[in-house]
Amino acid sequence: MKVGFIANFQSGYVGEQADEVHITREIEELGHEVFRIPRDQWREYVLENSPQDKYKDVPEDIKLDICIFTKWHHFDDDRYINFAREKYKCPIFLWVWDYMQNEGWHITMVGACDLYLGNDVRSGVYKQYNNCYYFPFDVADGELPRFQTVEKVYDVTFFGSWLDQGDRREWLTEINKTTPIKVFSWNYKDWPKEFNAQPAVYGIEFNQKVAESKIVLGFSVEPNCWGYWSNRVGKTLLAGGFLLYQYAPGMELFLRDGVEYFSSIEEAREKIDHFLIADIEREEVARKGRKIAERFSSKARVKDLMILCERYLKKGAKWQI
């Protein structure tokens with residue numbers, strides 16, 4: 001297939017390399033042709049309506065099989081999608097990795113695309129649409145090295161942000177009172193002084209810190225939406241870490257017994273106390289999680305994606321979602 005990706009191919013605003021980099025690499029590894037179109041170039045191209053040589057990475061005079069947009073708040077007008085559909089004569093997918101609220105720019109893009117792919121489709125935001133399909137973006141780069149026999153430096157770590165969403169602030173504060181949490185966060189300066197917070201780590205360094213942790217603690221911004229959780233779940237499991245995560249409905253179907261779950265502060269404390277000393281049991285859960293995590297690698301998810309693209313093209317507009 002000829003696949004267009006209108007996305008970010010550098011780093012995100014927190015400094016982590018964009019997932020689109022390894023996703024498109026894996027699409028090419030399957031033998032497909034990928035046209036990487038930087039999102040900022042596409043935006044300016046559409047606004048100027050200029051097919052001249054100014055935007056070198058915007059391909060001309062081709063027909064794509066599928067064109068995929070990823071999330072960007074500057075895509076706030078349906079013409080960005082409509083222009084691509086007309087220019088490349090193909091269906092347009094919108095693939096998003098976050099739990100989205102009712103932001104106007106996002107809803108505009110959902111309404112314009114042929115198929116919205118996300119893991120927040122059960123949030124209730126999309127009730128008026130029939131083009132929203134559950135297809136998670138939470139992938140990890142399976143080409144990164146994994147560290148197996150590493151001395152444990154940290155009892156409990158957390159790699160997320162200090163955000164006033166979900167239960168994380170209240171619950172982390174309470175857990176930290178009895179078991180200090182080592183935090184690696186892009187907004188580490190915003191954390192209260194009682195936390196030991198340092199700058200975020202990504203890629204190889206993230207895998208190293210996971211390997212050095214007995215327990216990796218996890219929260220999502222919304223723990224009550226079926227099928228939604230942070231993309232750090234797959235990244236942690238693929239790195240071989242032991243993950244203790246606030247349960248969200250649907251996790252038992254995808255993560256099964258490769259993760260330990262909690263649904264209250266008290267349960268989190270009990271499991272932390274248990275697994276800090278239950279080394280053999282903890283490593284067995286991590287081993288199961290590492291095997292399950294193969295499904296969260298970009299290599300595996302891209303295989304799913306290309307099957308989806310092929311079936312969509314064969315079935316056309318007959319889908320009722």
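The analysis underlying the following values was restricted to heavy atoms, covering all of them including side chains, and did not include hydrogens, waters or symmetry mates. We number each residue from 1, following the sequence as shown.
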Q. Taking only residues two or more places apart in sequence, or in another chain, which ones meet Glu103 in a side-chain contact (heavy atoms from CB on, under 4.5 Å)?
A.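 Result, side-chain contact (heavy atoms from CB on, under 4.5 Å) vs Glu103: Met100, Gln101, Trp105, His106.
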Contacts of type side-chain hydrogen bond (donor to acceptor under 3.5 Å, both in side chains), residue [X], not counting sequence neighbours:
{"X": "Tyr261", "answer": "none"}
{"X": "Arg169", "answer": "none"}
{"X": "Glu151", "answer": "none"}
{"X": "Gln41", "answer": "Asp57"}

**Q.** Any pair counted as salt bridge (charged side-chain N to carboxylate O under 4.0 Å, His left out), so long as it reaches residues 91-102, sequence neighbours left out
**A.**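 Listed by first then second residue: Lys71-Asp98.
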Is [X] salt-bridged to [Y], cutoff N-O under 4.0 Å?
{"X": "Lys2", "Y": "Asp65", "value": "no"}
{"X": "Asp138", "Y": "Arg301", "value": "yes"}
{"X": "Asp141", "Y": "Arg25", "value": "yes"}
{"X": "Arg43", "Y": "Asp76", "value": "no"}
{"X": "Arg36", "Y": "Glu28", "value": "yes"}
{"X": "Lys177", "Y": "Glu174", "value": "yes"}

Looking at residues at least two apart in the chain, or sitting in another chain, which of them share a ring pair (Phe, Tyr, Trp, His ring centres under 6.0 Å) with [X]?
{"X": "His74", "value": "Trp72"}
{"X": "Phe184", "value": "Tyr154, Phe159"}
{"X": "Trp95", "value": "Phe135, Phe137"}
{"X": "Phe219", "value": "Phe262"}

Tell me if the centroids of the rings in [X] and [Y] come within less than 6.0 Å of each other.
{"X": "Tyr129", "Y": "Tyr116", "answer": "no"}
{"X": "Tyr134", "Y": "Trp226", "answer": "yes"}
{"X": "Phe93", "Y": "Tyr312", "answer": "yes"}

Answer with yes or no whether the side chains of [Y] and [X] bring together a donor and an acceptor at under 3.5 Å.
{"X": "Gln246", "Y": "Ser220", "value": "no"}
{"X": "Tyr45", "Y": "Lys87", "value": "yes"}
{"X": "Trp162", "Y": "Ser185", "value": "no"}

Q | Qualifying ring-ring contact (aromatic ring centres under 6.0 Å, His included) pairs with a residue from residues 273-292, counting only residues at least two apart or across chains | A |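 ring-ring contact (aromatic ring centres under 6.0 Å, His included) check on residues 273-292 returns Phe242-Phe275.
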Q. For Ile307, which fellow cluster members are found when Ile, Leu, Val, Met, Phe, Trp and Tyr are connected by side-chain heavy-atom distances below 4.5 angstrom, either directly or through intermediates?
A.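 Reading the cluster by chain and number, Ile307 sits alone, since nothing else belongs.
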